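Reviewing the structure listed below.
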Amino acid sequence: MHNIASIDVEQDIIQANDKLAYENRRILDENNVFAVDLVGAVGSGKTSLLEKLIDEMEDDIGVIAGDILSKFDAKRIEDKNVPVKGLNTGKECHLDAHLVEHALPDIPLEDISILFVENVGNLICPADFNLGTHVRTVIISVTEGDDTAEKHPMIFKGADMAIVNKVDLADAVGADADKMVKDVKTINPDIPVVKCSLKTGEGVDEIIALYKKFQSKK
Amino acid sequence: MHELSMANSMVEAILDTAKKNDAIQVTEAVLEVGELTMLNPEQLRFMMDVLREDTILKDAEIIINMIPIEIECESCGFKGVSKTDEEMDHLMAVATCPKCDNTRVHIIQGQECNIKTIKIEKED
């Protein structure tokens with residue numbers, strides 16, 4: 001005969017990630033670094049936005065660039081001569097707080113004031129994983145279709161700011177950028193949404209101003 | 001493959017608890033998965049089945065209880081289960097106040113991915 005026992009586990013996998021995220025936040029705050037989790041689909045313009053911000057912002061920027069396998073994104077940021085750590089998730093579709101925790105020691109936090117964490121290209125899975133950053137930005141582009149926000153509500157529900165990118169292409173692809181802004185606002189009424197074109201530069205100043213505002217409120 | 005990392009963490013946590021309690025076999029595991037996690041229970045189950053092969057969790061019954069979305073409305077104060085319209089393609093998972101249609105709501109439950117209890121066998 002074997003003894004049978006029932007054990008209360010009550011262990012939440014998402015809360016376990018949140019604990020690690022809290023520790024990441026503590027490290028960032030100790031070093032006075034303002035951190036942004038940048039999420040968006042494949043091809044939405046995450047890396048292009050970072051390149052633009054590195055050029056336009058006066059702050060010392062560091063980047064953690066998440067990717068499934070390649071180092072392409074990290075290489076593009078490296079070319080801008082800022083500290084960057086490429087993070088490969090292997091088969092996972094999102095970064096989690098544990099992965100970011102391992103990347104932080106490779107970024108000279110004492111030399112930077114803003115850290116951008118470029119998440120893996122995906123609008124679904126990252127929604128569940130807090131990384132410990134101060135702000136989450138979601139970037140979507142008109143070329144993904146103007147129903148993108150409606151189809152991925154949770155990522156907008158948990159975000160602090162949203163960017164609708166490639167608005168210069170809206171007519172060409174038959175998309176309504178204003179509808180996308182409206183949809184994001186329906187899902188998350190308090191979120192600032194910027195219409196942007198990284199090609200023409202439209203909206204970039206507004207994005208930088210928003211980061212300044214968030215950073216001062218940190 | 002969000003399900004894979006969740007399944008992996010769950011299997012690890014169950015085996016860890018089982019080991020700490022000197023289990024020789026896990027016979028049941030009860031999980032609670034919130035509807036807002038976007039986890040598909042069938043995929044989660046499939047991933048767990050692959051991951052628990054060759055472990056003491058191999059023959060356990062895995063019970064997955066889906067947790068409905070509960071919200072508190074900022075506008076009208078409603079507290080309870082949020083409406084999800086299965087006929088609707090879009091915005092389906094957004095927590096909306098069933099009383100006043102407001103989307104400025106706090107989510108009380110529906111985001112968890114919890115291992116509730118396990119049943120184990122031990123040596124005498």
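Per chain, numbering begins at 1; letters A, B, ... match sequence-line order. The structure presented is a predicted model; accordingly, all values stated were derived computationally and were not measured. Side chains included, hydrogens not; waters and symmetry mates left out as well; all remaining heavy atoms used.
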Contacting region of A5(A) [heavy-atom separation from chain B under 4.5 Å]
both
Part of I24(B) lying under 4.5 Å from any heavy atom of chain A
side chain
Within residues 188-197 of chain A, which residues come under 4.5 Å of chain B, heavy atom to heavy atom?
P189(A), D190(A)
Check whether any side-chain heavy atom of V50(B) lies under 4.5 Å from a side-chain heavy atom of L4(B), and answer yes or no.
no
Restricting to non-hydrogen atoms, name the atom on V26(B) and the atom on A18(B) that form the minimum distance, rounded to 0.1 Å.
CG2-CB, 3.7 Å
Between R76(A) and S48(A), do the side chains contain an N or O donor and an N or O acceptor separated by less than 3.5 Å?
yes
Angle class for the F129(A)/H94(A) ring planes (parallel below 30°, perpendicular above 60°, tilted otherwise)?
parallel
Look only at the side chain of N88(A) and the backbone of D67(A), and say whether a donor-acceptor pair between them is shorter than 3.5 Å.
yes
When the ring centroid of Y211(A) is compared with that of F116(A), is the distance short of 6.0 Å?
yes
Any donor-acceptor N or O pair under 3.5 Å, side chains Q111(B), D128(A):
no
